[in-house]
Protein chains: 4
Amino acid sequence: MLDLHLDLDRAAGRLGVQLAARLRDAIRSGRLVPAARLPSTRALAQDLGVSRGVVVTAYEQLAAEGFLVSRPGDGTRVARLPAVPAPAGRARPEARGTLDTLPE
Amino acid sequence: MLDLHLDLDRAAGRLGVQLAARLRDAIRSGRLVPAARLPSTRALAQDLGVSRGVVVTAYEQLAAEGFLVSRPGDGTRVARLPAVPAPAGRARPEARGTLDTLPE
Amino acid sequence: MLDLHLDLDRAAGRLGVQLAARLRDAIRSGRLVPAARLPSTRALAQDLGVSRGVVVTAYEQLAAEGFLVSRPGDGTRVARLPAVPAPAGRARPEARGTLDTLPE
Amino acid sequence: MLDLHLDLDRAAGRLGVQLAARLRDAIRSGRLVPAARLPSTRALAQDLGVSRGVVVTAYEQLAAEGFLVSRPGDGTRVARLPAVPAPAGRARPEARGTLDTLPE
DNA sequence: GTGGTCTAGACCACC
DNA sequence: GTGGTCTAGACCACT
């Protein structure tokens with residue numbers, strides 16, 4: 001029985017991304033071992049108190065990254081070779097700004 | 001002259017919240033000292049390349065939290081007693097969840 | 001006035017992916033020029049007869065690929081430098097199979 | 001002995017539709033000649049690593065289109081007159097859309 | 001039952 | 001008004 005501490009900060013939004021991050025960490029750290037079966041999207045959604053779409057999004061993202069493998073009708077499992085260093089990612093546009101303040 | 005690194009991630013949205021978080025951190029860490037005067041909302045907005053409403057929102061929130069004090073004619077300043085070691089009193093809705101998995 | 005021929009095959013599913021593909025082609029081919037403003041997600045959804053989520057998904061994907069830039073409150077536009085060769089992509093698991101048949 | 005390259009993309013789902021498409025192409029292109037006997041649903045399912053229902057669905061669809069003929073005790077064979085040059089008669093719901101954009 | 005997808009509606013933040 | 005996000009419900013395909 002693994003307690004994955006899947007707490008989500010609802011106020012922060014992007015629940016799917018948060019959940020994916022939690023699960024990714026669990027896999028990377030080994031708390032979630034290869035071939036382990038994950039809860040169904042419906043079950044986890046209910047457990048977390050979020051809509052199923054949130055869980056589907058998270059599983060989808062992790063599947064695209066190679067951490068999970070999900071097949072319709074069969075459930076979702078941790079991939080056998082969760083390798084993958086990290087999907088690089090394009091640099092996000094940022095609004096740079098500097099604040100010059102002199103203490104009174 | 002302090003460089004506060006107030007970079008905002010435009011793509012992430014919630015700019016007001018982001019900005020407030022950055023300023024809060026600056027105050028907590030001491031990079032922004034008590035009584036220090038903050039830039040006007042208009043100036044900071046222009047510096048960051050965001051609309052003034054974003055900055056107004058951030059200042060309002062930090063004022064409500066006790067970090068900032070704004071008085072007409074005196075602009076906005078860091079409060080002398082930034083109080084609130086950690087806003088733990090504020091309810092933070094969370095979705096808790098446990099994951100029971102047995103690797104088959 | 002550009003007719004982008006954004007026809008979608010509803011029976012094929014993955015409407016968001018289809019739409020993204022159509023728009024990507026339009027950008028790559030130059031039919032959609034840099035800085036051109038795209039219709040709002042709501043407007044295009046209604047025009048195509050799909051739910052807004054489908055359009056949001058497509059815009060989101062193209063934004064992640066660097067083809068589009070969307071900012072809340074402002075609309076969505078074609079990026080200035082739509083470069084990007086193609087996001088490689090991990091090899092998909094396949095079910096291989098051979099069929100040996102002798103014509104009677 | 002014909003290698004039909006019946007590779008299916010499991011991640012894409014709709015395996016039945018994919019398989020039917022592959023077989024239809026094989027018939028149209030002549031790689032699968034009239035009166036040729038197809039493998040049993042069980043055999044092909046095992047060969048492809050999918051459930052039998054997938055193959056049954058594919059055979060059924062092709063039979064309905066006139067490409068295959070299945071008779072009890074005689075298995076499934078390619079029809080002598082694969083007729084139907086193109087299933088244009090079947091309604092194919094499409095979402096048409098035009099995009100009018102002027103590059104500002 | 002399980003994942004995949006789409007819909008319709010809603011709320012928020014930003015401009 | 002616009003994009004971003006979440007919800008709730010539904011249908012389909014596969015096992």
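Order of the sequence lines fixes the chain letters, A, B, ..., with proteins taken first and strands second; residue numbering starts at 1 for each chain.
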Return no unless some side-chain N or O of [X] is found under 4.0 Å from OP1 or OP2 of [N].
| X | N | answer |
| --- | --- | --- |
| C:Thr41 | F:dG4 | no |
| D:Arg14 | F:dA13 | no |
| A:Thr76 | E:dT2 | no |
| A:Ser40 | E:dG1 | no |
| C:Arg10 | E:dT7 | yes |

Could you say whether C:Gly75 or A:Gly53 is positioned toward the 5' end of DNA chain F, judged by the nucleotide with the nearest heavy atom to each?
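Checking each residue's closest nucleotide, the 5'-ward one belongs to C:Gly75.
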By nearest nucleotide on DNA chain F, pick out whichever of D:Val54 and A:Leu15 is the more 5' one.
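Residue closer to the 5' terminus by nearest nucleotide: A:Leu15.
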How close or far is atom [atom2] of [N] from atom [atom1] of [X], stated in whole angstroms?
| X | N | atom1 | atom2 | value |
| --- | --- | --- | --- | --- |
| C:Glu60 | E:dT5 | CD | P | 14 Å |
| C:Arg42 | E:dG9 | CZ | P | 13 Å |
| A:Leu48 | F:dC6 | CG | P | 13 Å |
| D:Leu19 | F:dC14 | CG | P | 10 Å |
| C:Asp9 | E:dT5 | CG | C1' | 14 Å |
| C:Arg77 | F:dG3 | CZ | P | 11 Å |
| A:Arg37 | E:dG1 | CZ | P | 15 Å |
| C:Gln61 | E:dT5 | CD | P | 12 Å |

When you look at A:Thr57 and A:Leu15, which way does the side chain to side chain contact (heavy atoms under 4.5 Å, CB included) test go after all the steps?
CA-CA 9 Å; A:Thr57 298; A:Leu15 299 181; over 6 Å; no
At 4.0 Å (heavy atoms only), tell me whether C:Gly13 reaches a base, stays on the sugar-phosphate, or touches nothing.
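Sugar-phosphate contact only.
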With sugar-phosphate meaning primed atoms plus P, OP1 and OP2, does A:Arg71 contact a base, only sugar-phosphate, or nothing at under 4.0 Å between heavy atoms?
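Result for A:Arg71 = sugar-phosphate.
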Check every atom of E:dC6, F:dC11, F:dG3 against the side chain of C:Ser70 and return the nucleotide holding the closest atom.
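Of the options given, the side chain of C:Ser70 lies nearest F:dG3.
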Any donor-acceptor N/O pair under 3.5 Å between F:dG9 base and A:Arg52 side chain
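A donor-acceptor contact between them is absent.
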Nearest 0.5 Å, please: how far is CG in A:Leu62 from CD1 in A:Ile27?
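So the gap between those two atoms works out to 5.5 Å.
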Which base, if any, makes a Watson-Crick or G-U wobble pair with F:dT5, both distances under 3.5 Å?
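Across all strands, the one nucleotide that pairs with F:dT5 is E:dA10.
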Within a reach of under 6.0 Å around CD of C:Gln46, are more than 12 heavy atoms found that belong to other residues, nucleotides or ligands?
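Counting neighbours around CD of C:Gln46, 12 or fewer heavy atoms of other residues, nucleotides or ligands fall under 6.0 Å, so no.
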Side-chain (C:Gln18) to main-chain (C:Asp9) donor-acceptor, under 3.5 angstrom:
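Side chain of C:Gln18 to backbone of C:Asp9, a donor-acceptor pair under 3.5 Å: yes, one is there.
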Looking only at heavy atoms, what is the nearest atom pair of C:Arg31 and C:Arg22, with distance?
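Nearest heavy atoms, C:Arg31 then C:Arg22: NH2-O, 4.5 Å.
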